*Asks:* 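Just dropping this structure here.
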Amino acid sequence: MVKAGIIGATGYAGNEIVRLLLGHKDVEIKWFGSRSYIDQQYADIYQNFFKLVDAKCMDDNMAALADEVDVIFTATPQGLCASLINEEILSKCKVIDLSADFRIKDVKKYEKWYGIEHKSPQFIEEAVYGLCEINREDIRKARLIANPGCYPTCSTLSIYPLLKEGLIDPNTIIIDAKSGTSGAGRGAKVPNLYCEVNESIKAYGVATHRHTPEIEDQLGYACGQEVMINFTPHLVPMNRGILVTAYASLTKDVTYEEVKAAYDKYYKDEFFVRVLNKDVCPQTRNVEGSNFVDVNFKIDPRTKRVIMMGAIDNLVKGAAGQAVQNMNLMFGFDENEGLKQIPMCP
């Protein structure tokens, strides 16, 4: 039985990790870390765990935690994991970091976009970007995982096959994305209050969103050249879910069958990536509560562009579910273990 500890267990992503691991036959949660709720019963904070979790919240002492568990999940704000991690910790247990601390290989780029100093740049090169469908074999051997961001997960998986096959011009990519409010975290913020969000939709982080360099890096690795995109996220009045609609110019005239073959080449054996039937558009309601990614495309012959679409649950495949999927690979479990939840629609 693998022993797991979670730092940031009372945030939305941390809470999802708890939910998923409770259904995992090979994992026992030993540490519910929460700087804000130390010594409080976890089930008092999240009543849905009443009679399911009988444990108090503990602190974020990663060094002490490493002596007690086999894997640490850090579902924390940017900068915290990098400030706590060290070689001794990594020699004792594996770490899956859900923040952006180890996703971007260029430390100067990270510091520019996130506005903080990186406290552990010596581990950046070692960290494996935990997008399982692309980096599976490297993840199996890793001791430090950079769990991908929610927008980058949905964007990359929606676009990757066509970029990899050279069917689209990487310099023409535009990504329009919509996210539910849980993507902003559990902290109280005026822009996320009910009356501010309900019955409204808005763009935010226009041309400045911090997931931009992460998406550009991953798309660049796919096509072997530097990529620069336009990425605009929007906040919509729903709890969870991300919908990506991406646009790019085609490099040649293609048929539906040719584009579909590109998606099937990379995803036909991927349990969690569902390439939908022709003309079926992904919807967030069809992936809610699950680790699935629904993707599809539409060729626009008039403009010689292709529209690539994807939908995920931002808290599951966009955070906690992907983290558990990474853990499964790292410990040699069935990759789908603990993640076979049927989407919650309707």
Side-chain angles (χ1 to χ4, degrees), residues 11-13 16 75 77-78 98-101 103-104 109-110 112-116 129 131 146-160 163 170-194 196-220 222 227-248 281-288 293-297 307-322:
Y12 288 139
E16 283 290 283
Q78 330 303 335
L98 279 72
S99 81
D101 287 358
R103 297 175 190 160
I104 298 171
K109 186 187 294 187
Y110 168 88
K112 174 185 175 182
W113 283 85
Y114 283 88
I116 56 176
Y129 190 75
L131 194 53
N147 209 65
C150 50
Y151 285 126
T153 293
C154 196
S155 299
T156 302
L157 291 176
S158 299
I159 299 169
Y160 181 83
L163 201 54
N171 294 312
T172 65
I173 297 171
I174 297 171
I175 300 173
D176 175 293
K178 315 284 195 300
S179 176
T181 59
S182 59
R186 194 165 182 248
K189 308 177 186 74
V190 170
N192 298 334
L193 295 175
Y194 179 81
E196 304 292 328
V197 174
N198 187 45
E199 298 184 11
S200 181
I201 181 171
K202 67 177 181 181
Y204 70 98
V206 179
T208 62
H209 195 280
R210 297 183 297 183
H211 281 175
T212 303
E214 182 182 341
I215 299 171
E216 290 178 340
D217 282 355
Q218 297 309 310
L219 297 183
V227 172
M228 187 174 294
I229 65 170
N230 284 120
F231 169 59
T232 305
H234 300 75
L235 184 67
V236 298
M238 61 185 186
N239 290 340
R240 56 168 79 202
I242 282 179
L243 182 71
V244 159
T245 310
Y247 310 84
C281 295
Q283 299 182 55
T284 57
R285 68 189 301 232
N286 294 334
V287 294
E288 185 176 354
V293 188
D294 284 359
V295 298
N296 213 344
F297 65 92
I307 299 95
M308 300 153 286
M309 300 164 282
I312 64 170
D313 186 316
N314 59 296
L315 294 178
V316 188
K317 183 58 176 175
Q322 189 145 250

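Predicted model only: the values in this text are computed from it and were never measured.
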*Asks:* Checking Gln283 side chain against Ala311 main chain: does a donor-acceptor pair fall under 3.5 Å?
*Replies:*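 It does not hold such a pair.
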*Asks:* With a 3.5 Å distance limit and no angle check, can you tell me whether Gln218 reaches the backbone of Pro152 through a side-chain donor-acceptor pair?
*Replies:*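 Not at all, since once roles are kept as given, no pair shorter than 3.5 Å links the two residues.
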*Asks:* Quick check for you: to the nearest 0.5 Å, what is the distance between Asp176 atom CG and Asn230 atom CG?
*Replies:*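 Rounded to the nearest 0.5 Å, the CG-CG separation comes to 11.0 Å.
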*Asks:* Measuring from Asn314:CG to Ser182:OG, what's the distance to the nearest 0.5 Å?
*Replies:*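 Atom-to-atom, Asn314:CG and Ser182:OG are 4.0 Å apart.
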*Asks:* For the OG1 atom of Thr181 and the CG atom of Leu193, what is their distance to the nearest 0.5 Å?
*Replies:*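 Rounded to the nearest 0.5 Å, the OG1-CG separation comes to 10.5 Å.
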*Asks:* To the nearest 0.5 Å, what is the distance between CD1 (Ile242) and CG (Leu315)?
*Replies:*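 Here the interatomic distance stands at 9.0 Å.
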*Asks:* For Gln78, is there any backbone N or O sitting under 3.5 Å from a side-chain donor or acceptor partner on Asp101?
*Replies:*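 Answer holds: no.
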*Asks:* Say whether, by atom type as modelled, one donor and one acceptor occur between the side chain of His234 and the main chain of Lys202 under 3.5 angstrom.
*Replies:*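 Not a single qualifying donor-acceptor pair exists.
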*Asks:* For Leu243 versus Pro282, what's the shortest heavy-atom pair and its separation?
*Replies:*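 For Leu243 and Pro282, the tightest heavy-atom pair comes out as CD1-O, 3.5 Å.
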*Asks:* Output all residues satisfying side-chain contact (heavy atoms from CB on, under 4.5 Å) with Lys109, sequence neighbours left out; order by chain, then residue number.
*Replies:*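 Lys109 satisfies side-chain contact (heavy atoms from CB on, under 4.5 Å) with Ile104, Asp106, Trp113, Pro213, Asp217 once adjacent residues are dropped.
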*Asks:* Using the rule side chain to side chain contact (heavy atoms under 4.5 Å, CB included), only one of Ile175, Val227, Ile173, Val244 pairs with Ile215; which is it?
*Replies:*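 Going through the options one by one, the only one that passes is Ile175.
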*Asks:* Residues in ring pair (Phe, Tyr, Trp, His ring centres under 6.0 Å) with Phe297, at least two apart?
*Replies:*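 Ring pair (Phe, Tyr, Trp, His ring centres under 6.0 Å) list for Phe297, sorted by chain: Tyr256, Tyr263.
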*Asks:* Knowing that exactly one of Val197, Asn192, Asn198 qualifies, which makes a side chain to side chain contact (heavy atoms under 4.5 Å, CB included) with Tyr194?
*Replies:*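 The side chain to side chain contact (heavy atoms under 4.5 Å, CB included) with Tyr194 is passed solely by Asn198 among Val197, Asn192, Asn198.
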*Asks:* On a heavy-atom basis, which atom in Met238 and which in Gly241 lie closest, and how many Å separate them?
*Replies:*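 Smallest interatomic distance, heavy atoms only, reads CE-O, 3.5 Å.
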*Asks:* Not counting sequence neighbours, list each pair that qualifies as a side-chain hydrogen bond (donor to acceptor under 3.5 Å, both in side chains) and has a residue in residues 148-158.
*Replies:*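 Listed once each, the pairs are Tyr151-Tyr204, Thr153-Gln322.
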*Asks:* State, to 0.1 Å, how close Ala320 and Leu98 come at their nearest heavy-atom pair, and which atoms those are.
*Replies:*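 That closest heavy-atom pairing would be N-CD2, 4.2 Å.
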*Asks:* Tell me every residue that passes salt bridge (Lys or Arg N to Asp or Glu O under 4.0 Å) with Glu16, counting only those two or more places apart in sequence or in another chain.
*Replies:*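 Glu16 satisfies salt bridge (Lys or Arg N to Asp or Glu O under 4.0 Å) with Arg19, Arg240 once adjacent residues are dropped.
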*Asks:* Mind listing the closest non-hydrogen atom pair of Phe231 and Ala177 along with its distance?
*Replies:*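 For Phe231 and Ala177, the tightest heavy-atom pair comes out as CE1-CB, 3.8 Å.
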*Asks:* Is a donor on one side and an acceptor on the other found under 3.5 Å between the side chain of Asn147 and the backbone of Ala319?
*Replies:*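 At least one qualifying donor-acceptor pair exists.
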*Asks:* With sequence neighbours left out, write down each residue that passes side-chain contact (heavy atoms from CB on, under 4.5 Å) with Pro77, or none if nothing qualifies.
*Replies:*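 Counting only residues at least two positions away or on another chain, Pro77 forms no side-chain contact (heavy atoms from CB on, under 4.5 Å).
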*Asks:* Might you point out which heavy atoms bring Gly205 and Pro233 nearest each other, and give the distance in Å?
*Replies:*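 Here Gly205 and Pro233 meet closest at O-CD, 4.2 Å.
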*Asks:* Show the nearest heavy-atom pair for residues Pro170 and Leu163, with the distance to one decimal.
*Replies:*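 The answer is CB-CD1, 3.7 Å.
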*Asks:* Would you indicate whether Asn171, at its atom CG, is surrounded by more than 12 heavy atoms from other residues, nucleotides or ligands within a distance under 6.0 Å?
*Replies:*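 Atom CG in Asn171 is packed in, count exceeds 12.
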*Asks:* Please list, chain by chain and in numerical order, all residues satisfying ring pair (Phe, Tyr, Trp, His ring centres under 6.0 Å) with Tyr114, sequence neighbours excluded.
*Replies:*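 Tyr110.
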*Asks:* Rounded to the nearest 0.5 Å, what's the gap from OG1 on Thr232 to NZ on Lys178? Could you check?
*Replies:*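 Taking OG1 in Thr232 and NZ in Lys178, the distance rounds to 9.5 Å.
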*Asks:* Find the distance between CG (Asn286) and SG (Cys281) and round it off to the nearest 0.5 Å.
*Replies:*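 Answer for the CG-SG pair, Asn286 versus Cys281, is 11.5 Å.
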*Asks:* Output, in order, the C-alpha distance, side-chain angles, deciding distance and verdict of side-chain contact (heavy atoms from CB on, under 4.5 Å) for Thr245 and Ile307.
*Replies:* CA-CA 7 Å; Thr245 310; Ile307 299 95; 3.6 Å; yes
